[in-house]
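To keep things clear, I will list the structure first and then write my remarks on it.
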Amino acid sequence: YCPTPTIHFKSLRSSLGKLTKQESMSRPSKLVLRMQDKLDMFVKEHNKLHLESRLKYLEQQAIDDLILAVAKYENPVFTTALIAGDDVILHILHKSGLLPKVKIVFIDTLHLFPETLEFLEKVEKFYGFKAVIYKAEGCETREEFDEKYGDDIFIEDIETYDKVAKVEPLLRALRESKTKLWINGRRRDQGFERAALEVWEKEKMNPIAFWTFEDCWKYIEQHKVPYHPLHDDGYPSLGDMHSTLRVEKEKWFLYGMERAGRFQNMQNPDGSDKTECGIHTVR
Ligand SMILES: Nc1ncnc2c1ncn2[C@@H]1O[C@H](COP(=O)(O)OS(=O)(=O)O)[C@@H](OP(=O)(O)O)[C@H]1O
């Protein structure tokens, strides 16, 4: 969908005009230096065009798949953690007129950054929707959660924490929605666990599976998509306060680094490093 440019030596040479004798005698020749400049300009322009057509193609693919999702499945649900990729999906749902046909679910783990809930209100107003919020069974506030499970359960027993704060509310959300299709924003470039992800999975779909993290940010920039304010504070991904760290900006777009700040110092029961809470494997 985006051809490689062919830069002909002759046309490049002729676009430079005549060189003086002195210029063509100098070492390295002025001709070579000017051709290098011209080539750099061509490459820059080509990259811009390539990115534009790539984003158009990716956007169209996501729209087509979401249209199919809404046509084929009753009560589709989009669960959003309000991170960059999710912002892209919200924007595309809105742009394609599909937003009213999809139930937007947000899980308030009661351990989130306060900015996350403020941002939820902001996007709700911006796009004109209301997310359905789910929390741990029987808990409305952090105090109620701490009383029921202990205030350091996420340190003492991360498996139980994930189950009660994330997995159970998500299962409840899907069950109550009577849905056969769960839309989410997972992508191949988020790490090896997701490297073979497809757009369509059994009862799940990942409309931006083939987008890179950089594509998401270029798209956000190009379409002025609202995004979580803490991304500007150094967090490429956001979840609970206790499992989210900043990552140096230079590393954000390296393979798998988007999630490098998540679940630091947390381990699975088998001793391996924790990189996911398991919320996406509930189905
Ligand atoms: N708080 C909250 N509310 C609603 N939905 C949520 C939430 N956290 C995670 N999710 C959904 O689960 C998808 C996978 O999440 P993750 O494995 O990245 O979660 S976690 O990082 O392990 O916490 C995740 O994928 P994305 O859409 O890419 O965010 C969401 O669809």
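The model shown is predicted, which means the values in this text are computed figures rather than measured ones. First listed ligand is number 1; within each ligand, the first listed atom is number 1.
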In one Ile/Leu/Val/Met/Phe/Trp/Tyr side-chain cluster, 4.5 Å: I89, V225: yes

Subset of ligand 1 atoms that lie under 4.0 Å from at least one heavy atom of K166: 23 (O)

Closest approach of D189 to Y255 (non-hydrogen atoms, all atoms of both residues): CA-CE1, 3.8 Å

From CD (E214) to CG (L51), nearest 0.5 Å: 7.5 Å

Closest to atom 4 (C) of ligand 1 among T80, I104, V77 (heavy-atom distance): T80

Distance filter under 4.0 Å to V105 heavy atoms, resulting ligand 1 atoms: 4 (C)

Heavy-atom nearest neighbour of atom 28 (O) of ligand 1 within options A81, S237, G185: G185

Distance filter under 4.0 Å to R262 heavy atoms, resulting ligand 1 atoms: 20 (S), 21 (O), 23 (O)

E168 and K135 ion-paired at < 4.0 Å: no

Criterion side chain to side chain contact (heavy atoms under 4.5 Å, CB included) against Y161, the qualifying member of I155, V167, T109: T109

Residue part near ligand 1, for R194, under 4.0 Å between non-hydrogen atoms: side chain

Distance, nearest 0.5 Å, that separates NZ of K44 from CE of M41: 9.0 Å

Best match, I107, I83, D86, D108: closest heavy atom to atom 3 (N) of ligand 1: I107

Sub-4.0 Å heavy-atom approach of R187 to ligand 1: no

